[in-house]
Every structure is written in C-alpha cells, then in structure tokens.
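What follows is a single structure, written as structure tokens, with notes after it.
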Amino acid sequence: MGVERVQDIASTISEDTIPAEYIRSENEQPGITTVPNTVLECPTIDFSDPDEEKLLKQIFEASTDWGMYQIVNHDISNEAISKLQDVGKEFFELPREEKEVYAKDPNSKSVEGYGTFLQKELEGKKGWVDHLFHMIWPPSAINYRFWPKNPASYREANEEYAKNLHKVVEKLFKLLSLGLGLEAQELKKAVGGDDLVYLLKINYYPPCPRPDLALGVVAHTDMSALTILVPNEVQGLQACRDGQWYDVKYIPNALVIHIGDQMEIMSNGKYKAVLHRTTVSKDKTRISWPVFLEPPADQVIGPRPKLVNDKENPPKYKTKKYSEYVYNKLNKIPQ
C-alpha cells in the first residue's frame with residue numbers, strides 16, 4: 001500500500017504506546033506545554049448584527065488582537081454543515097483501498113488528494129492525522145478526480161456548502177477592508193477577486209493512546225488569506241497567546257475564522273495570523289473541515305500601497321507570487 005496511514009496505525013497499536021516519530025519534543029508535547037484547566041474564550045461575533053459599525057469594530061479588534069474568532073448567526077444552516085460533516089466522516093470510514101483511489105500523486109506539486117504528510121517537519125516528526133484536500137471553488141479550479149464518489153451525496157453536500165460560504169466570504173472581506181480604511185472590495189480584489197480559491201481540507205485525527213505526547217497538526221499559521229473552519233464535537237484546537245498554549249473552546253455550528261498569512265501581509269501586520277495547533281483525543285476521533293481562502297498561484301501579494309509609506313510605516317513583508325510563498329513555507333525557506 002506504500003504510505004503508512006495514521007488511521008491504520010491507530011487501529012493496530014497496543015494501549016499506551018505510539019511510534020517514536022509521533023512523539024513530539026518536550027517543548028511541543030501538549031501534556032507539558034498546555035496551560036492546564038484554562039480554556040481560551042476567543043471572541044464570538046454575531047454576524048447578523050444589524051449595527052454594521054459595531055460589527056466592523058468587533059471584526060477589526062478580533063483580527064488585530066486575536067487573529068481567531070467564531071462567528072454565529074452566519075446564515076449557513078445547521079443542516080448544510082451537518083451534511084458536509086456526515087459525508088466527510090463516511091469517506092474516512094471506508095476501507096483503506098477505497099480511499100487510496102483518491103491518494104495524492106507523489107510527483108504532483110498540488111496538495112489535492114488523500115494523504116498523510118504535508119510539509120517538511122523538523123527532526124522528521126509526524127502529525128497524528130490523515131487528510132483529504134480538494135478545491136470547492138471556483139468551478140474552473142475544481143478537479144473532481146479528488147472528490148469521493150462514495151458516499152453518493154458527497155458532491156452535493158460540498159457544492160451546497162461552497163455556495164453557502166460565498167455570502168460569508170464577501171461580508172468578511174468587506175468588513176476587513178473597511179476596518180483598514182480601504183475601499184470595501186479592495187482586499188477581495190487583491191487576492192484574486194472572483195478567482196479566489198476555496199481549498200477544503202478534511203483533517204481526520206483517530207484516537208491516540210498518548211494524546212499527551214502527540215500533536216495532530218504542529219504549531220503553524222495558515223498560508224491562506226482567511227480560513228473558515230467547522231470542527232466535529234471533539235475539542236482539540238489550541239492557540240498560542242503570550243507565548244503560552246491554551247485550549248480553545250468552540251461553539252456548535254459556529255464558523256471558526258483564522259486570519260492567515262496573506263491577510264497579515266496585505267494589512268502590513270495590522271491583522272495577525274493566528275499561531276495554532278491541534279491536539280488529539282485518547283478515545284474519540286476528531287475531524288475538522290477548514291476551507292482555506294487562497295489567492296490563485298500566480299497572484300502577486302504584498303502590503304496594500306495605501307497602508308505603507310517610507311517614513312512611518314514601511315513595508316514589513318516582501319511582495320511575491322503566492323506560489324513562491326507556499327513553496328518557501330512548506331520547505332522551511334525564509335520568506
């Protein structure tokens with residue numbers, strides 16, 4: 001079968017042991033580095049608030065201070081979210097050989113497909129997670145080869161969710177632009193406008209006998225402009241605040257928003273990409289569905305000209321193609 005999948009390892013290992021390559025160094029082990037008995041209440045924002053000034057202020061403050069927040073009353077039905085979750089869970093519960101049909105091509109530069117490892121990890125360590133990546137928007141970017149045909153309703157559920165996301169995406173970009181004193185459409189245009197890519201990832205974290213030693217996904221900021229995430233009911237998201245790691249409690253059917261690297265770059269550091277990681281559970285499977293809102297590969301991203309000047313506010317980031325940024329980040333090359 002080639003590549004080892006975490007789901008298979010989890011189903012075969014004995015109690016209380018995990019392979020050495022999944023044991024994090026002491027400065028990363030969640031059992032040691034998580035602030036105990038403290039849950040971080042990151043901002044929760046009512047996205048349907050008719051007072052736009054208030055909403056603008058809340059989004060701006062959460063994006064500059066936290067880089068992570070949850071939005072409720074976002075007009076995506078609980079049913080649409082449940083359908084997305086149900087078909088994703090069903091895919092990962094298929095026999096391995098059915099999932100391997102969608103395995104990513106090891107020679108491809110694309111991240112799309114079913115896989116286990118994503119980026120170069122220092123010290124050769126591995127995350128306790130399998131995943132499936134595929135684009136869900138725009139139609140011209142979609143490669144249905146990576147969309148599971150089983151369960152049969154997979155395509156419909158994903159198309160419905162993508163359609164529902166549009167309003168949320170438009171409103172978020174508008175509020176983030178206005179918060180910086182830019183025209184309402186400026187940030188959306190800067191990341192590609194209608195060519196903005198919605199890249200879905202399903203993270204599947206099987207039960208882990210030693211959740212104190214392993215991580216699902218190592219500490220990182222997202223490369224995207226924004227990430228919109230829905231998890232299942234198993235908590236596991238952690239955020240770094242003032243150099244400390246905290247559990248983040250999320251609310252059922254809220255959308256978790258992460259400011260990504262491209263948004264931080266465009267805002268010249270005003271908005272902060274959130275440093276986060278994921279932990280795993282001893283007896284439960286955790287699953288999450290982030291959608292990364294990314295510029296097309298050839299889109300050139302840099303600080304917005306209206307936000308920089310040579311004297312008081314020089315550019316803090318280089319301007320470059322998004323594809324170059326991604327390559328550097330995945331290969332641990334300084335930007």
Side-chain angles (χ1 to χ4, degrees), residues 1-15 18-19 21-22 78-108 110-119 126-137 141-165 198-209 211 214-217 228-237 253 278-292:
M1 285 262 186
V3 182
E4 210 171 20
R5 303 297 182 201
V6 175
Q7 213 172 342
D8 292 336
I9 297 168
S11 66
T12 54
I13 54 177
S14 62
E15 209 173 308
I18 56 173
E21 62 268 29
Y22 293 94
N78 292 353
E79 185 190 15
I81 291 173
S82 291
K83 280 183 179 171
L84 176 83
Q85 293 173 318
D86 289 347
V87 295
K89 180 171 180 280
E90 282 177 52
F91 170 74
F92 275 93
E93 288 170 352
L94 293 173
R96 173 157 175 189
E97 55 273 18
E98 284 196 55
K99 294 190 290 252
E100 291 294 344
V101 170
Y102 304 97
K104 60 179 70 173
D105 177 353
N107 302 313
S108 169
S110 168
V111 297
E112 286 192 281
Y114 170 62
T116 299
F117 307 117
L118 181 60
Q119 61 180 349
K126 295 176 179 178
W128 193 263
V129 63
D130 295 324
H131 61 247
L132 175 69
F133 271 107
H134 60 73
M135 315 280 193
I136 57 170
W137 194 261
I142 291 174
N143 184 349
Y144 288 110
R145 167 170 141 43
F146 297 114
W147 287 46
K149 293 185 174 56
N150 186 9
S153 54
Y154 188 91
R155 178 166 173 170
E156 184 192 345
N158 277 264
E159 287 178 342
E160 181 70 14
Y161 186 66
K163 194 174 80 184
N164 278 299
L165 272 182
Y198 295 32
L199 175 64
L200 173 78
K201 182 186 187 194
I202 307 177
N203 288 305
Y204 188 91
Y205 309 93
C208 176
L215 285 172
V217 177
I228 299 178
L229 178 143
V230 292
N232 72 347
E233 73 290 348
V234 181
Q235 302 283 337
L237 185 61
N253 295 306
T278 55
T279 58
V280 290
S281 164
K282 190 173 177 73
D283 45 19
K284 291 180 181 154
T285 296
R286 181 171 181 266
I287 316 176
S288 67
W289 289 258
V291 172
F292 302 103

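Everything numeric here is computed off the predicted structure, so don't read it as measured data. The first residue in the sequence is number 1, and the count goes up from there.
Considering Glu100, Glu93, Glu98 in turn, Glu100 is the only one that fulfils the salt bridge (charged side-chain N to carboxylate O under 4.0 Å, His left out) rule with Arg96. For the side chain to side chain donor-acceptor pair (under 3.5 Å) criterion with Thr116, the lone passing option out of Glu4, Lys104, Arg5 is Arg5.
A heavy-atom distance below 4.5 Å is found between the side chains of Leu84 and Asn158. Tyr102 is listed as a side-chain neighbour of Lys149, based on a closest heavy-atom distance under 4.5 Å. Considering only heavy atoms from C-beta on, Phe292 comes within 4.5 Å of Phe133 through its side chain. Using a 4.5 Å heavy-atom threshold, the side chains of Tyr144 and Arg155 count as touching. With a 4.5 Å cut-off on side-chain heavy atoms, Tyr205 and Val217 count as touching. Looking at heavy atoms from C-beta onward, Ile9 lies in side-chain contact with Pro19 at the 4.5 angstrom threshold. Under the 4.5 Å side-chain criterion, counting only non-hydrogen atoms from C-beta, Leu132 is in contact with Pro148.
Residues Lys163 and Glu159 are not paired through a salt bridge, judged by the lack of any N-O separation under 4.0 Å between the basic side chain and the carboxylate.
Of all non-hydrogen atoms in Phe91 and Asn150, the two that sit nearest each other are CD1-O, 4.0 Å. Between Pro207 and Thr285, the closest heavy-atom pair is CD-OG1, 3.3 Å. Shortest non-hydrogen contact noted between Trp128 and Ile13 is CH2-CD1, 3.8 Å. Residues Ile81 and Asn253 approach most closely at CG2-OD1, 3.9 Å, considering heavy atoms. Contact between Glu160 and Asn164 at its shortest, heavy atoms only, is O-ND2, 2.8 Å. Heavy atoms only, all atoms of each residue included: Pro211 and Val280 are closest at CB-O, 3.2 Å.
Defined by atom type and a distance below 3.5 Å, a donor-acceptor pair is missing between the side-chain atoms of Glu112 and Asn143.
Once rounded to the nearest 0.5 Å, the distance linking OH of Tyr161 with NZ of Lys83 reads 14.5 Å. Separation of atoms OH (Tyr198) and CD1 (Ile136) is listed at 8.0 Å; rounding is to 0.5 Å. Going from atom NE2 of His134 over to atom CD1 of Ile202 covers 5.5 Å, rounded to the nearest 0.5 Å. To the nearest 0.5 Å, the span separating CH2 on Trp147 from CG on Leu200 amounts to 8.5 Å. Note that NE2 of His131 is 8.0 Å distant from CG of Asn203, once rounded to the nearest 0.5 Å.
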Step by step, work out the side-chain contact (heavy atoms from CB on, under 4.5 Å) result for Phe92 and Tyr114. CA-CA 10 Å; Phe92 275 93; Tyr114 170 62; 3.8 Å; yes
For Lys89 and Asn232, what are the C-alpha separation, side-chain angles and deciding distance, and is it a side-chain contact (heavy atoms from CB on, under 4.5 Å)? CA-CA 10 Å; Lys89 180 171 180 280; Asn232 72 347; over 6 Å; no
Apply side-chain contact (heavy atoms from CB on, under 4.5 Å) to the pair Val111 and Leu199, showing each step before the final yes or no. CA-CA 10 Å; Val111 297; Leu199 175 64; 3.9 Å; yes
Run the numbers on Val291 and Trp137 for side-chain contact (heavy atoms from CB on, under 4.5 Å), then give the verdict. CA-CA 10 Å; Val291 172; Trp137 194 261; over 6 Å; no
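Residues meeting the side-chain hydrogen bond (donor to acceptor under 3.5 Å, both in side chains) test with Lys99, sequence neighbours left out: Gln7. Among residues two or more places apart in sequence or in another chain, the side-chain hydrogen bond (donor to acceptor under 3.5 Å, both in side chains) test is passed with Tyr22 by none.
For Glu156, the CD atom is loosely surrounded, since the number of other residues' heavy atoms within 6.0 Å does not exceed 12.
Side-chain atoms of Gln235 never come within 3.5 Å of backbone atoms of Arg286 as a donor-acceptor pair (strictly under, hydrogens ignored). Counting only distance, with no hydrogens or angles, the side chain of Asp130 and the backbone of Tyr204 share no donor-acceptor pair below 3.5 Å. The backbone N or O of Pro209 lies less than 3.5 Å from a partner atom in the side chain of Lys282, making a donor-acceptor pair.
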